[in-house]
Structure formats: structure tokens, C-alpha cells
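Just below is one structure, and these are the notes that go with it.
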Amino acid sequence: MAGELSCTNMFHCLSNKMKMGEEEPNLLKVTEEVSSVVRNDDCVAEQFQPGTKISIELQQKHIQELRNSLSSVKSGMEQLRIQYSEDFTKIGRQLYILSNAASGYHKVLEDNRKLYNQIQDLKGNIRVYCRVRPFLPGQANSSSSVAGMEERTITIITPTKYGKDGSKSFTFNKVFGPAATQEEVFSDMQPLIRSVLDGFNVCIFAYGQTGSGKTYTMSGPNVLSEKSVGVNYRALNDLFNLQAQRKGTINYEISVQMIEIYNEQVRDLLQDSTLEIRNTSQKGLAVPDASIVPVTSTSDVAELMNQGQKNRVVGSTAINDRSSRSHSCLTVHVQGHDLTSGTILRACMHLVDLAGSERVDKSEVVGDRLKEALYINKSLSALGDVIASLAQKNSHVPYRNSKLTQLLQDSLGGQAKTLMFVHISPEPDVVNETISTLKFAERVASVELGAAKANKEGGEVRELKEQIAWLKAALVKKEGEPENIQSTQSSPNIYGINKGNATPVFRKNRQPMEDVGNLEVTLFQPSQLFL
Ligand SMILES: Nc1ncnc2c1ncn2[C@@H]1O[C@H](COP(=O)(O)OP(=O)(O)OP(=O)(O)O)[C@@H](O)[C@H]1O
């Protein structure tokens with residue numbers, strides 16, 4: 001009886017373990033346990049009477065059957081194990097091949113992207129990125145005017161025409177959907193932003209109708225967090241990091257200006273005063289009178305941005321409470337001195353948040369607000385005209401038609417790298433605005449400006465240019481001072497050495513040189529002339 005129990009228990013135990021799929025070492029252990037029970041049962045059988053003997057024999061028969069099935073299970077398991085291990089090896093090999101193919105595919109994609117960007121760089125196309133704003137909290141988001149999005153294409157459901165709905169697709173350098181994060185957006189434009197440290201002028205401008213997310217992209221939402229800060233903060237932060245990394249090879253000085261164009265008046269946001277745009281591209285400063293403040297950390301920048309934001313003209317329209325009725329521009333000036341080659345570079349980056357591009361009738365405005373809207377429309381259409389004449393490669397480009405185009409002149413027609421960030425709202429009731437925005441953006445994308453050039457020059461070229469400039473200046477000064485001819489002949493003062501109260505030929509600081517473009521020239525020391 002004891003044998004029967006232990007055998008049955010063992011059988012259950014064995015089958016349970018097999019059901020549970022325990023590993024083979026366990027199975028072998030169980031097998032040994034069963035065998036030992038069976039051996040014990042054999043001994044027990046000899047001690048019983050004939051009646052019980054039959055049942056013992058029966059049990060022994062069962063046990064034998066069990067043994068047989070156990071050994072067939074064992075060999076089955078062994079075969080399974082071999083089969084599994086072969087399958088695993090095969091799967092491993094296939095996974096290896098697949099992962100190689102996948103990484104190759106990603107590399108090809110990455111190479112394609114780089115090549116595409118290089119072609120863009122060579123042609124100097126204005127890059128155009130498109131961003132779709134998500135529906136805002138509390139808005140019904142059952143239907144969107146965006147029918148589909150791919151990496152570079154966006155499809156919009158066009159309004160019913162002649163009784164049937166249609167769709168229209170637009171292709172740009174990159175399309176960001178409503179779920180795109182600030183980090184994703186920034187990381188895509190990061191290489192462009194970084195090129196300012198290599199001497200390229202950069203311009204990024206946010207375009208779109210009121211409330212489509214321009215300020216969100218450039219600065220961030222009203223309440224800022226590390227995750228939600230926009231391009232402006234991230235760009236400066238990135239430049240500071242690079243500045244620190246390159247310390248020892250290149251010394252960079254970074255400074256910022258913040259201006260606003262409101263009703264065709266240029267205002268300094270860091271001083272709250274009115275200014276003029278001047279054609280002073282040689283100095284790299286479109287608005288030389290605006291305060292230019294050196295910055296060394298993100299907290300400096302945050303402080304300045306707060307100050308600038310307070311001075312911004314913010315109105316309220318029927319479309320968006322937080323609507324800004326002016327174009328704002330944060331300009332980052334960078335000057336670098338390569339400590340090994342002596343090269344000096346100077347570049348600037350305009351980060352522009354344009355005023356809303358919606359039509360006047362949509363804004364339901366009158367009085368001052370109407371005046372603002374008209375100015376905005378005027379400057380944006382001047383921007384459109386400039387873009388159109390650049391696209392047609394006209395000899396005359398009407399930059400002077402608005403303050404905005406005057407400000408962006410160097411970035412649009414010069415040798416800058418330009419990115420337009422076009423924003424659209426997903427609501428179907430503004431689809432006409434969305435389509436006209438995207439059409440404008442498509443035209444911008446077709447403009448080829450020619451390859452951008454870095455504003456840097458090697459030490460030797462710079463020195464030669466400095467010498468020429470210095471000699472020219474000395475000549476002009478001598479020509480204007482005939483009474484000094486005698487004294488100059490007897491005691492040459494062509495180095496501009498200050499004699500008594502006479503004004504020195506050069507001022508103490510750096511002197512801009514016309515033909516050096518953005519380069520700022522270090523004061524030429526007379527003693528260097530004959531070195
Ligand atoms: N990508 C986004 N994710 C979340 N909220 C967004 C996004 N884009 C915009 N918003 C929100 O939408 C509202 C309008 O955005 P924003 O003020 O940036 O528009 P705008 O185009 O700058 O308008 P304006 O022309 O008036 O300056 C804000 O509340 C903003 O926080």
C-alpha cells in the first residue's frame with residue numbers, strides 16, 4: 001500500500017513537473033526518485049501474500065509501463081532539447097543578419113539625410129520646417145485639417161470645392177507632428193545653430209498665423225520648465241556648452257541684442273527705446289544702436305529674456321489672448337579667436353518670432369488693433385515679395401520695403417544659413433489660412449541663395465588687410481594735413497604715433513574694415529608693419 005501511494009504520488013509529482021515545463025536537471029532528479037521508489041516497491045512485493053501479490057505484480061507492470069513511458073519521455077525531451085538548441089542557434093544567426101541589415105539601413109538613411117543636407121547647403125536653399133500645433137486643452141479635437149504626415153510631407157484636407165472634398169500635400173525639409181517635443185525640434189536644428197560658432201550667419205524665423213505656436217517653438221509656453229523651453233534658450237545653452245568645450249583652442253565671446261518691430265518702428269527690448277536699422281552689414285550689426293549685452297550663462301540669458309518680454313508689445317485679438325502683435329528678434333553675436341591659427345571669426349544668429357500672419361478680417365479688429373494688423377500684413381507681404389524676387393533671381397530685391405526685410409537682409413540674400421519654421425493650427429475652421437501659410441512656405445523652400453560662407457580669415461590674410469587699411473588711413477590723414485608734410489618728412493609719423501594733443505590715427509579699440517565683411521580687425525600696431 002505504501003508502495004502504491006508513494007508510486008502514485010511520484011507519478012503525480014513527475015507529471016506535474018513535466019506539465020510545469022521544469023528544466024531537464026529537475027526531470028533527471030525526478031527520474032532518479034521514481035527509480036528508487038520502484039526499487040523499493042520490488043522489495044516490498046516479495047514480503048506480501050498471493051492475493052496481494054497479484055496487485056503488486058499489477059503495480060509492477062504499471063511501474064514497468066511507467067519506466068517505459070518515462071524513458072520515452074526522456075528521449076523525447078532530449079530530442080526536443082536538441083531541436084530547441086538548433087532552432088535557437090538558427091534564430092540567433094538570423095537575428096544577427098537582421099540586426100546587421102537594420103543598422104545598415106539606418107546608416108543608409110543617415111547618409112541620405114547628410115547628403116540631402118549637403119545638397120541643401122551647396123544650393124543654399126532656405127530650409128523649411130513645418131510644425132503642427134496640438135489641439136489646446138478644452139478644444140474639441142474630433143477632426144483635424146491634417147490628413148496625414150510623413151517625415152517630409154504633410155497632407156491637408158482642403159475645403160469642399162464643387163461639392164467634393166480633396167486633399168493637398170506639401171513637402172518640406174522636415175515635418176513635426178503635434179506630439180513632437182521641444183527637444184526633438186531643437187535637436188533637428190542643432191547642427192545649423194552650432195555653425196554660428198564656425199563663422200556662419202544663421203537666421204531662424206518662425207512664421208504662421210496667430211496662435212499656431214510660433215512663440216511656443218521659439219521661447220516656450222507661458223510657464224517654462226526644463227522640458228518646455230524653446231529654441232532660443234536651448235540654442236544659447238548649446239553655444240555656452242560648446243564655448244566651454246573649445247576653451248583652450250578658440251576663445252568665444254557671446255553677446256545678445258533683443259529688438260522688436262512694432263508698427264514699422266524698431267524698438268530696443270533691452271532698453272525700451274526706439275532705434276533705426278542701418279545698412280552696416282560690414283560690422284555684422286543690422287541695428288548697431290541697440291544695446292548689446294555680453295552673456296556667459298543661461299541665467300544671464302533668462303534674465304535678459306524676461307526683461308525683453310516685459311517690454312514686448314502684447315495685445316489681445318479675438319483669435320488668441322496671448323497674441324503678440326510685433327516681430328521680435330533675438331540676435332546672438334559671436335566672436336571667436338582661434339588661438340592656434342590666429343583666425344578671428346565673427347557671426348550672428350537671428351532668432352525671429354514673427355507676428356501672426358492671419359488676414360485682417362479674421363482678427364475682428366478695429367482702431368489700433370487694425371492699424372497693427374495692417375502693419376503686420378504689410379511687412380509680411382514685403383517678406384513675400386523679397387522671397388519671390390530671390391526665387392526669380394531678380395537683380396533688384398525690394399529689401400527696403402519694410403523694417404523686417406531690412407533686418408533680415410543679410411540672412412535672406414547674404415551668405416547666411418536660413419531656416420523658416422512654419423507653424424500651422426489643426427482646426428478645420430482655419431484651413432484656408434493653413435493652406436495659404438503652407439503655400440507661402442513652399443515658395444520659400446524653393447529659394448536658392450547659394451552656398452553659405454563662413455566669416456573667418458586666417459591670420460596672414462588678416463594682417464595683410466590690416467596693413468592695407470592702416471596705410472589707406474594714414475594716407476588719408478596725411479592728405480588732409482598739408483601743414484604736417486614737412487614734419488612728416490623729417491620725422492615720419494605714418495604709424496600714427498600720438499604727438500602732444502594730436503588725435504591718433506587709430507582709436508584704442510578694434511576698427512571695422514569694410515572689405516572684410518563680418519570680420520573685426522584687431523588694432524594694427526605700428527611696430528608690426530615691418531615684421
Ligand atoms: N507644440 C505645442 N504644444 C503644446 N502647446 C502648444 C504648442 N504650440 C502652441 N501651443 C500653445 O498654443 C497657444 C498659442 O501658441 P503661441 O502663443 O506660441 O502662438 P503664436 O503663433 O506665437 O501666436 P502669436 O502670433 O499671437 O504670437 C499657447 O497657449 C501655447 O502654449
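Numbers here are sequence positions counted from 1. As the structure lists them, so they are numbered: ligands from 1, and atoms in each ligand from 1. Both backbone and side-chain heavy atoms feed into the values below; hydrogens, waters and symmetry mates do not.
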What verdict does the side chain to side chain donor-acceptor pair (under 3.5 Å) test give for Y252 and R246, after you've listed the backbone C-alpha separation in whole Å, the side-chain angles of each residue and the deciding distance to 0.1 Å? CA-CA 9 Å; Y252 287 109; R246 296 185 187 176; 2.8 Å; yes
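Shown in contact with G356 at under 4.0 Å from a heavy atom are these atoms of ligand 1, numbered in order with element: 25 (O). Which parts of ligand 1 touch P134 is read off a 4.0 Å heavy-atom cut-off, strictly below it: atoms 1 (N), 2 (C), 3 (N), 4 (C), 7 (C). Remark: ligand 1 atoms within the under-4.0 Å shell around heavy atoms of T215 are 18 (O), 20 (P), 22 (O), 27 (O). The ligand atoms of ligand 1 that sit less than 4.0 angstrom from a heavy atom of K214 are 18 (O), 19 (O), 20 (P), 21 (O), 22 (O), 23 (O), 24 (P), 25 (O).
Under the 30°/60° scheme for interplanar angles, the aromatic rings of Y129 and F421 are found to stand perpendicular.
Geometrically, K417 engages F200 in a cation-pi contact defined by less than 6.0 Å to the ring centre and at most 45° from the axis. Note that K371 lies outside the cation-pi zone of Y375, set by a 6.0 Å cut-off to the ring centre and a 45° limit from the axis. Judged by the 6.0 Å and 45° rule, K90 forms no cation-pi pair with F88.
Ligand 1 has no atom lying under 4.0 Å from any heavy atom of G208. Within the structure, the closest approach of R131 to ligand 1 falls below 4.0 Å when heavy atoms are considered. At least one heavy atom of Q209 sits closer than 4.0 Å to an atom of ligand 1.
Within 6.0 Å of the CD atom in E184, the count of heavy atoms belonging to other residues, nucleotides or ligands exceeds 12.
For R133, every heavy-atom contact with ligand 1 shorter than 4.0 Å involves the side chain, none the backbone. Residue contacts with ligand 1, taken as heavy atom pairs separated by less than 4.0 Å, do not involve N222 at all. With a 4.0 Å cut-off on non-hydrogen atoms, A180 does not touch ligand 1 at all.
The pair E260-R267 counts as a salt bridge, with a side-chain nitrogen and a carboxylate oxygen less than 4.0 angstrom apart.
For atom 12 (O) of ligand 1, the nearest non-hydrogen atom from the set T217, L136, V185 comes from L136.
Residue V202 is tested with M189, H350, R194, M349 for a side chain to side chain contact (heavy atoms under 4.5 Å, CB included); the sole match is M349.
Between S212 and ligand 1, a contact under 3.5 Å exists for at least one N or O pair. Of the N or O atoms in L354, none lie within a sub-3.5 Å distance of an N or O in ligand 1.
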